[in-house]
Amino acid sequence: MFRNRIELIETRIREFLSEYYGIEPPELIAETPPQVEMGDLAFPFPFQLAKVLRKSPLLIAREIAEQIGSVDGVERFEAAGGGFLNIFLNRESFFKDLYEWLSDPETPGKSGKIIVEHTNINPNKAAHIGHLRNAVLGDTFVRLLVSSGREVEVQNYIDNTGVQVADVVVGFHFIRKMSLAEVAAIEERFDYYCWDLYAQVSEWYDEDPERKELRQQVLHAIEEGLEPFFPLAEHISIRIVRAHLQTMGRLGVHYDVLPRESEILHLKFWEEAYSLLKERRAIEFIEEGPHAGCWVMQLPGENGQEDEEKIIVRSNGTVTYVGKDIAYQLWKFGLLGKTFHYSVFDEYEDGSKIWITSMDSSGEGEPRFGAGDRVYNVIDVRQSYLQRVVVQGLRSLGYSDQADRSTHFSYEMVALSPRCCSELGIELSEEDQARPYVEVSGRKGLGVKADDLIDKLFENSLKEVNQRQADLPQEARDQIARQIAVGALRYFMLKYTRNSVIAFDFAEALSFEGETGPYLQYSIVRSSNIFRKLFERYPEWEGDSWKTFQARLWDSGAMADLLTEDEVWRLVLDIARIPDTVEQAITSLEISGVARHAFTIAQQFNLFYHKHHILSEEDESKRAFYLSVTDTARQGLLHLLDLLGIEVPERM
RNA sequence: GCGCCCGUAGCUCAGCUGGAUAGAGCGUUGGCCUCCGGAGCCAAAGGUCGCGCGUUCGAAUCGCGCCGGGCGUACCA
């Protein structure tokens, strides 16, 4: 709604410039003045016109402000600074429109299915904080897309036949010497058990590099479906995937389908892609040189760089990981001529199902996945090179449209601060001590497990809730503590820009004060409390009946006077900017802006809350006005937190 | 070597496609509950925006070159 207004104003300015000066102006960019007192919009274009019109920018801005006349929705124009054209909106009509928009903020549907792949954790150990960043970013991005009317399919790829699973199989079979039955009988947390085992296997390899032969042997057996390794690998990966879904489920992260590498293998996706790649000369066979005997793809060098070769098929005939990824990407766009079968893997509380790929049809009701119009792969920045290869694969095959619609949603890793390491009891080398952060390493078992962090957050918030809400039954307190823990964690993962490395620090992650999820939740709880108390004190305002007082105010024409206060107006403007913020987050893949915007609004609201005592306001129309503002902030924040996947407790 | 990213307050980070006096949180210091809940609010202190050129009416933002740090660059995934 804000955008529409701006566009109307821009059109009018454009008309005026051509009538009055007879010129076509450059791009009109609407900015926000540094202070509300200076106006609601600022146009710097007079600076650019100065040369053409041979007048000072300030003079131009003045002429326009004086001559343009009245424009719909605009209170007045003003020349400011060295030559800005500033605009003051008509606050009353603006506020009323905003209020209406908030009652139904969703945008109409758009056609085309968007596929978002995220999480994608190797199913051989517990999830850690790095995986949390991926899942929370991916899940939030999905929420943003859905709210803007897009159809979205969420895929979580499972590499169940890779080396990482093989390593754990090696650990169980050769180190622990356990059978499948014995492994199945393990009662302790399986993902945690494997976390330690995987680290142990890595050390075991280091002691004697020849032991890595076992990995190859196991890997081969898994691919071929041979006893005893294949069933063991299957058991491990399925059990770990369940653990991962459980972990992510705690944060409200859901998936539609789990495509597995085993099906990609057995349904011969790669063979299909391979023949396509050869047929269309996207890859070539190398006769001599260091890559002799390999099939490689040419990567056009960026800005004057030399072309590079990326090996897709090794000289021994086996395919690299990227090769399989190209096949998978082709399938995502429905370009492979092959597809999976599916069976139900699990069901969420809301009744929606999560499907997993399978070899055979499970019968009726099998959904159709893949064949998207746009694909986003949420993967950390370290995989940029491989993602570039995948996209080049599509392009080389002649699918340049699909290549253009393939997006690597990249983000920086979560690392551990040295302080965090010492808190975990991890000893660092002097060299590592001096670093700003240390990479998480599953191989070394170095990291913070996702569930441990969530547990700790829950424990801390429960302590607070027990203090503040002692009268509530335990179950209710647990529920609130859970919501706060999730709110804190999701916000923490979203507040940083994508390409900043998070040097994980417990003190910051566990904070509930300042720029945190709980601060946002608290602001909303406060606004709810106002209404609850209102209904207690003024029964005639109960439910929606306060809106009759609001309607009276709106008709009275007293609104304009009440909206003169800049603090209130700033809050209103910030709420009106929500759709822009969301749209910008989608196009720039930068979600932190949405998180920050929510914080800004919450801050403004808290300021307003402290400045005005709403319930004791004697003047009914003023009271109705303050309630309208409260309601606006509340709706805006609820909408934003919904997008961020953060629930709001009843009390806290 | 080459490519990508980062360098802004003591610490952690914002700063939109260049725009008006560089912001927030934490921490520090000092205030604020006869009042809708203090997970809150207010105030103060704290900055050569890594350095140097350049483009521009205007640069934290764009270009080039340095310095410091990180990550990629495998017949690993």
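Note: hydrogens, waters and symmetry copies are ignored here, and every other heavy atom, side chains too, is used.
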Colleague: Listing request: all salt bridge (charged side-chain N to carboxylate O under 4.0 Å, His left out) pairs with a residue in residues 40-59 of chain A, at least two apart in sequence or in separate chains.
Modeller: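 Residue pairs passing salt bridge (charged side-chain N to carboxylate O under 4.0 Å, His left out), neighbours aside: A:Lys55-A:Glu63.
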Colleague: With sequence neighbours excluded, give me every salt bridge (charged side-chain N to carboxylate O under 4.0 Å, His left out) pair touching residues 604-613 of chain A.
Modeller: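 Non-adjacent pairs meeting salt bridge (charged side-chain N to carboxylate O under 4.0 Å, His left out): A:Glu565-A:Lys611, A:Glu567-A:Lys611.
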Colleague: Only counting residues at least two apart or in another chain, list the ones meeting side chain to side chain donor-acceptor pair (under 3.5 Å) with A:Ser417.
Modeller: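 If we apply the side chain to side chain donor-acceptor pair (under 3.5 Å) test to A:Ser417, skipping adjacent residues, there are no hits.
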Colleague: Run the ring pair (Phe, Tyr, Trp, His ring centres under 6.0 Å) test against A:Phe2 and tell me which residues pass, sequence neighbours left out.
Modeller: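 A:Phe2 satisfies ring pair (Phe, Tyr, Trp, His ring centres under 6.0 Å) with A:Phe94 only.
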Colleague: Can you build the contact string for nucleotides 15-27 of chain B? Use B for base contact, S for sugar-phosphate-only contact, and - for no protein heavy atom under 4.0 Å.
Modeller: -S--BB---SSS-
Colleague: Holding to side chain to side chain donor-acceptor pair (under 3.5 Å), I want the full list of residues that pass it with A:Gln584, two or more places apart in sequence or in another chain.
Modeller: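 Testing A:Gln584 for side chain to side chain donor-acceptor pair (under 3.5 Å), a comparison that skips the adjacent residues, returns none.
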Colleague: Residues two or more places apart in sequence or in another chain: which of them pass ring pair (Phe, Tyr, Trp, His ring centres under 6.0 Å) with A:Trp270?
Modeller: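 With neighbours one apart ignored, the set is A:Tyr274.
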Colleague: If the plane angle is over 60° it's perpendicular, under 30° parallel, otherwise tilted; pick one for A:Phe608 and A:His612.
Modeller: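 Geometry flag for A:His612 against A:Phe608: tilted rings.
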Colleague: Mind checking what makes side chain to side chain donor-acceptor pair (under 3.5 Å) contact with A:Asn466, not counting sequence neighbours?
Modeller: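 Side chain to side chain donor-acceptor pair (under 3.5 Å) list for A:Asn466, sorted by chain: A:Arg477.
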Colleague: Using the test side chain to side chain donor-acceptor pair (under 3.5 Å), find all partners of A:Glu423 that sit at least two apart in sequence or belong to another chain.
Modeller: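 None.
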Colleague: Between B:A39, B:C42, B:G72, which nucleotide has the shortest distance from any of its atoms to the side chain of A:Leu607?
Modeller: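 Selected nucleotide: B:C42.
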Colleague: Pull out every residue in residues 314-327 of chain A that has a heavy atom closer than 4.0 Å to any atom of RNA chain B, ordered by number, or say none.
Modeller: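 The answer is A:Arg314, A:Ser315, A:Tyr321.
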Colleague: I need the full list of salt bridge (charged side-chain N to carboxylate O under 4.0 Å, His left out) pairs touching residues 500-517 of chain A, with sequence neighbours left out, sorted by first then second residue.
Modeller: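 Salt bridge (charged side-chain N to carboxylate O under 4.0 Å, His left out) check on residues 500-517 of chain A returns A:Arg419-A:Asp505, A:Glu515-A:Arg596.
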Colleague: Can you tell me which stems RNA chain B forms, taking runs of 3 or more consecutive Watson-Crick or G-U pairs with both distances under 3.5 Å?
Modeller: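 Only these stems qualify: B:1-7 with B:67-73, B:10-13 with B:23-26, B:28-32 with B:40-44, B:50-54 with B:62-66.
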